[in-house]
Undergrad: 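Input: one structure, supplied below.
All residue numbers refer to positions in the sequence shown, counting from 1.
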Amino acid sequence: MPRSDATEFTGHCLCGAIRFHGTYDAGHDLKACHCSQCRRWSGHYWAAILPRSLQIEGEVKWYRASDIARRGFCAECGSSLFWQRDGSPVIDVAAGAIDSPTGLRLQGHIFVTDKGDYYQIIDGLPQDPHE
């Protein structure tokens, strides 16, 4: 459900070659994705915001990750930054690349049936086996 007020954010990759800023809805419903692609992409699990607005400075390298989406990263330092579903104007932004304080709070987990076998999810938040 869209919220009426927006939170501004800024962020960047590890080396600073890519910087971004925009807004997201206050009270954003942040979920962690445990699918195998997100784990390989991020090195663990992936959490991203769906911004209301986004401006990107610097050259993003895009990788066709599947038949439904692409993933954006910094070609200089390799930071995993963006995910975009084919046909969507919205580019999801990695929560870990957003400058603090974010005000974000994890609200749940998705694709938990595909999570890594090396960790447990024990935070008590809702777990969706799929999406």
Side-chain angles (χ1 to χ4, degrees):
M1 169 184 218
R3 313 280 192 316
S4 60
D5 50 341
T7 299
E8 292 183 12
F9 70 94
T10 61
H12 56 87
C13 65
L14 186 60
C15 73
I18 297 175
R19 296 189 173 279
F20 52 85
H21 63 279
T23 60
Y24 58 85
D25 290 332
H28 185 72
D29 189 20
L30 184 67
K31 293 184 180 176
C33 182
H34 298 267
C35 79
S36 61
Q37 278 197 6
C38 283
R39 287 187 296 108
R40 290 182 192 284
W41 175 247
S42 69
H44 191 37
Y45 58 80
W46 172 263
I49 64 163
L50 288 83
R52 181 187 291 185
S53 68
L54 176 65
Q55 292 79 44
I56 301 170
E57 301 166 9
E59 189 173 342
V60 177
K61 176 81 173 169
W62 290 96
Y63 172 72
R64 164 90 14 222
S66 69
D67 59 354
I68 66 162
R70 65 183 188 158
R71 296 174 185 262
F73 64 98
C74 175
E76 186 68 29
C77 67
S79 293
S80 305
L81 300 170
F82 307 113
W83 185 90
Q84 185 177 29
R85 183 177 299 276
D86 291 347
S88 173
V90 178
I91 298 174
D92 297 5
V93 178
I98 297 172
D99 296 330
S100 293
T102 66
L104 296 168
R105 297 290 176 262
L106 195 61
Q107 301 296 314
H109 303 270
I110 59 174
F111 292 101
V112 297
T113 56
D114 201 22
K115 77 168 202 57
D117 63 359
Y118 59 91
Y119 64 96
Q120 298 297 315
I121 303 171
I122 57 172
D123 57 16
L125 295 174
Q127 297 182 26
D128 190 329
H130 307 290
E131 186 173 45

Undergrad: Any side-chain heavy atom of Phe82 sitting closer than 4.5 Å to one from Val93?
TA: yes
Undergrad: Nearest 0.5 Å please: distance from the CD1 atom of Ile98 over to the CG atom of Leu81.
TA: 10.5 Å
Undergrad: How many angstroms lie between atom CZ of Arg52 and atom CD of Glu8, to the nearest 0.5 angstrom?
TA: 11.0 Å
Undergrad: Applying the 4.5 Å side-chain criterion to the ILVMFWY set and letting contacts propagate, would Ile121 and Leu30 be lumped into a single cluster?
TA: no
Undergrad: Remaining members of Leu14's ILVMFWY cluster at a side-chain heavy-atom cut-off under 4.5 Å?
TA: none
Undergrad: Show me the pairs that pass side-chain hydrogen bond (donor to acceptor under 3.5 Å, both in side chains) and involve residues 38-48, at least two apart or across chains.
TA: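 Checked against side-chain hydrogen bond (donor to acceptor under 3.5 Å, both in side chains) - neighbours excluded - the pairs reaching residues 38-48 are His44-Tyr118.
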Undergrad: Does Val90 offer a backbone N or O that forms a donor-acceptor pair with the side chain of Ser88 under 3.5 Å?
TA: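 It does hold such a pair.
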Undergrad: Below 3.5 Å, can you tabulate the donor-acceptor pairs from side chains in residues 55-62 to any protein atom, sequence neighbours excluded?
TA:
from: Gln55; atom 1: OE1; to: His21; atom 2: NE2; distance (Å): 3.2

Undergrad: Could you check whether any side-chain heavy atom of Arg19 comes within less than 4.5 Å of a side-chain heavy atom of Thr10, counting everything from C-beta outward?
TA: no
Undergrad: For His109, what residues pass the ring pair (Phe, Tyr, Trp, His ring centres under 6.0 Å) criterion, not counting sequence neighbours?
TA: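 For His109, the residues satisfying ring pair (Phe, Tyr, Trp, His ring centres under 6.0 Å) (neighbours in sequence not counted) are His34.
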Undergrad: Distance check, rounded to the nearest 0.5 Å: Cys13 atom SG versus Phe73 atom CZ?
TA: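 Separation between the atoms: 11.5 Å.
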Undergrad: Would you find more than 12 non-hydrogen atoms of other residues, nucleotides or ligands less than 6.0 Å from Lys31 atom NZ?
TA: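 Open: at most 12 neighbouring heavy atoms sit under 6.0 Å from NZ of Lys31.
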Undergrad: What pairs meet the salt bridge (charged side-chain N to carboxylate O under 4.0 Å, His left out) rule with one or both residues in residues 75-93, with sequence neighbours excluded?
TA: Arg64-Asp86
Undergrad: Enter the distance from Cys35:SG to Asp114:CG here, rounded to the nearest 0.5 Å.
TA: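 Here the interatomic distance stands at 6.0 Å.
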Undergrad: Using 0.5 Å steps for rounding, measure from the CZ atom of Arg71 to the SG atom of Cys38.
TA: 4.0 Å
Undergrad: Sequence neighbours left out, what passes side-chain contact (heavy atoms from CB on, under 4.5 Å) with Ser100? Give chain and number order.
TA: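 Testing Ser100 for side-chain contact (heavy atoms from CB on, under 4.5 Å), a comparison that skips the adjacent residues, returns none.
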Undergrad: So how far is it from Thr113 OG1 to His130 NE2, rounded to the nearest 0.5 Å?
TA: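 Between Thr113 OG1 and His130 NE2, I get 5.0 Å after rounding to 0.5 Å.
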Undergrad: Are Tyr24 and Phe9 close enough that their ring centers fall under 6.0 Å?
TA: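 So the answer is yes for these two rings.
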